[in-house]
Amino acid sequence: MTALLLAVSPLIAPGSLSGSALNSMLPFAAILAIAALGQAFVVSQGGIDLSVPGAMALAAVFVTKVPELAGIPAPVAVGLGLLVGAAGGLVTGIAVVRFGIAAFVVTLAMNAILIGVVLQVSKGFPGSAGPGLSGFATGSVWLVPNLLIIAVVLVATAQWLRRRSVLGRRFMAVGANPAAARLLGIRTAAYQVSAYTVAGVLYAAAGLLLAGYLRTPDILLGNAYQLSSIAAVVLGGSVLSGGLSNALATGVAALFLTQLNQVVLAAGATTSIQLLVQACVLAVAVVLRRLPLTGVLRRLDWIKPR
């Protein structure tokens, strides 16, 4: 789907694959990929995380308002922003796993708490990221945006850990069947809580980088990534009941959604049409996954039986 979209993009919106268009699209695709990667960790454990906007917004506040208010260096503010994201994810994970509260309820409440802290600290007014963070977020290496490099490294690392490491395989086994994993001696609670903690760090990283890229971001900059992060996970083939997730496919889905939005807007459509197109693509993807395509292709001799 991504290859097809890139092929038809110049036909729908001329110039949508030009150098300037790609330079403006790829950083936002990278931000979405990082946030969606965090969402994929939670979904792989059969959960759902609705605290993405709050975690991103609070991390952005730490690099735009806190250095000015508290007089702390920018690198310290970045570290604190990541720690706050981890702390929020840890609290969420404990509430979901240890106390058995529905993930939907806990993450929605956590998002409200984080947004409340953002409004209290910022007083409703945005701040500006420091020149160091802004220069890094907008910089590039051999014409490749720094944000894209970070996203590729994170996605590749997550993919390798899940497929090749013992911890990654145990993590996926817990998501597929917690009861069976528990009988095998795996500490399922630790893996489930860690999913929310790692997700919180990734949301915070996405918020920090987005704040640096925009320089003076909106205080609620994460709102646009709530549903889009879930959409990227679903399009990437993750099963919402847990146990099946692909970090690489999630990253490609983030690229697909970002390019799709850019093409729709470049074609002159309104934001409402953009949301409708995104919803239709997501619905088609979900329907196609439920069709017995493998059996049909085998009958057509396109796939040989093993």
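Sequence positions, counted from 1, serve as the residue numbers for this chain. Note that the coordinates shown come from a computational prediction; the quantities given were computed from them, not determined experimentally.
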- Please confirm whether the backbone N or O of Gly212 pairs with a side-chain atom of Ser134, one donor and one acceptor, at under 3.5 Å? yes
- Query: Which value, rounded to the nearest 0.5 Å, describes the distance between Ile115 atom CD1 and Met56 atom CE?
  - Reply: 10.5 Å
- Message: Assigning hydrophobic clusters by single linkage (Ile, Leu, Val, Met, Phe, Trp, Tyr; side-chain heavy-atom cutoff under 4.5 Å), is Phe136 placed with Leu214?
- Response: yes
- Message: Hydrophobic cluster membership, with links at side-chain heavy-atom distances under 4.5 Å among I/L/V/M/F/W/Y: are Met110 and Ile219 in one?
- Response: yes
- Query: Do the non-hydrogen side-chain atoms of Phe104 and Leu108 ever get within less than 4.5 Å of each other?
  - Reply: yes
- Identify the two heavy atoms, one from Gly15 and one from Ala21, that lie closest to each other, and give their separation to 0.1 Å. O-CB, 3.4 Å
- Qualifying residue, where the test is side-chain contact (heavy atoms from CB on, under 4.5 Å) with Leu202 and the options are Leu82, Leu37, Thr197: Leu37
- 4.5 Å side-chain heavy-atom contact, Leu154 and Ile150: yes
- Item | Leu276 reachable from Leu257 in the ILVMFWY side-chain graph, under 4.5 Å edges | yes
- Nearest-0.5 Å distance that lies between atom CG in Leu50 and atom CG in Leu227: 8.5 Å
- Message: Would you say that Ile72 contacts Leu80 through its side chain, given a criterion of any heavy-atom pair below 4.5 Å between the two side chains?
- Response: yes
- Message: Looking at Ser16 and Ser9, would you say the former's side chain and the latter's main chain have a donor-acceptor pair under 3.5 Å?
- Response: yes
- Message: With a sphere of 6.0 Å drawn around CZ of Arg170, does it hold more than 12 non-hydrogen atoms of other residues, nucleotides or ligands?
- Response: no
- Query: Measuring from Gln259:CD to Thr2:OG1, what's the distance to the nearest 0.5 Å?
  - Reply: 9.5 Å
- Taking the side chain from Gln45 and the backbone from Val193, do they hold a donor-acceptor pair closer than 3.5 Å? no
- Task: Taking all heavy atoms of Asn111 and all of Gly54, pick out the closest pair and write down the distance.
- Result: OD1-N, 2.7 Å
- Phe28 ring center near Tyr213 ring center (under 6.0 Å): yes
- Query: Is there a path from Val97 to Phe99 through hydrophobic residues (I, L, V, M, F, W, Y) whose side chains come within less than 4.5 Å of each other?
  - Reply: yes
- Message: To check you understand the geometry: which heavy-atom pair defines the closest contact between Ala211 and Leu221, and what is its length?
- Response: N-CD1, 4.0 Å
- Query: How far does CG of Asn246 sit from CZ of Arg162, to the nearest 0.5 angstrom?
  - Reply: 8.0 Å
- More than 12 heavy atoms from other groups under 6.0 Å of CG on Leu143: no
- Note on the structure: Between Leu209 and Ala137, the two heavy atoms sitting closest are O-CB, 3.7 Å
- Message: Please evaluate residues Phe62 and Val121 with respect to the criterion side-chain contact (heavy atoms from CB on, under 4.5 Å), reporting the C-alpha separation (whole Å), side-chain torsions for both, the decisive distance (0.1 Å), and the verdict.
- Response: CA-CA 9 Å; Phe62 264 87; Val121 173; over 6 Å; no
- Side chains of Phe171 and Ser194: does their closest heavy-atom pair fall under 4.5 Å? yes
- Looking at side-chain heavy atoms only, is the closest gap between Pro126 and Thr64 below 4.5 Å? no
- Message: Working to the nearest 0.5 angstrom, can you tell me the gap between Ile48 CD1 and Ile230 CD1?
- Response: 4.0 Å
- Message: What I'd like to find out is whether the side chain of Ile94 reaches to under 4.5 Å of the side chain of Tyr196, using heavy atoms alone.
- Response: no
- Note on the structure: Here the pair of heavy atoms bringing Ala95 nearest to Val106 is CB-CG1, 3.8 Å
- Item | Test side-chain contact (heavy atoms from CB on, under 4.5 Å) applied to Tyr225 and Leu32, step by step | CA-CA 7 Å; Tyr225 293 86; Leu32 177 55; 3.9 Å; yes
- Message: So, taking the atom named CD in Gln192 and the one named CZ in Phe41, what distance separates them when rounded to the nearest 0.5 Å?
- Response: 14.5 Å
- Which is it for Leu26 and Leu147 under the side-chain contact (heavy atoms from CB on, under 4.5 Å) test, yes or no, and what are the steps along the way? CA-CA 8 Å; Leu26 288 176; Leu147 298 187; over 6 Å; no
- Query: Is it true that Leu5 and Leu148 fall in one hydrophobic cluster, defined by side-chain heavy atoms closer than 4.5 Å?
  - Reply: no
- Applying side-chain contact (heavy atoms from CB on, under 4.5 Å), run through Ser245 and Val43 and close with a yes or a no. CA-CA 8 Å; Ser245 179; Val43 170; over 6 Å; no
- Item | Closest contact, heavy atoms only, Gln262 versus Met25 | OE1-CB, 3.2 Å
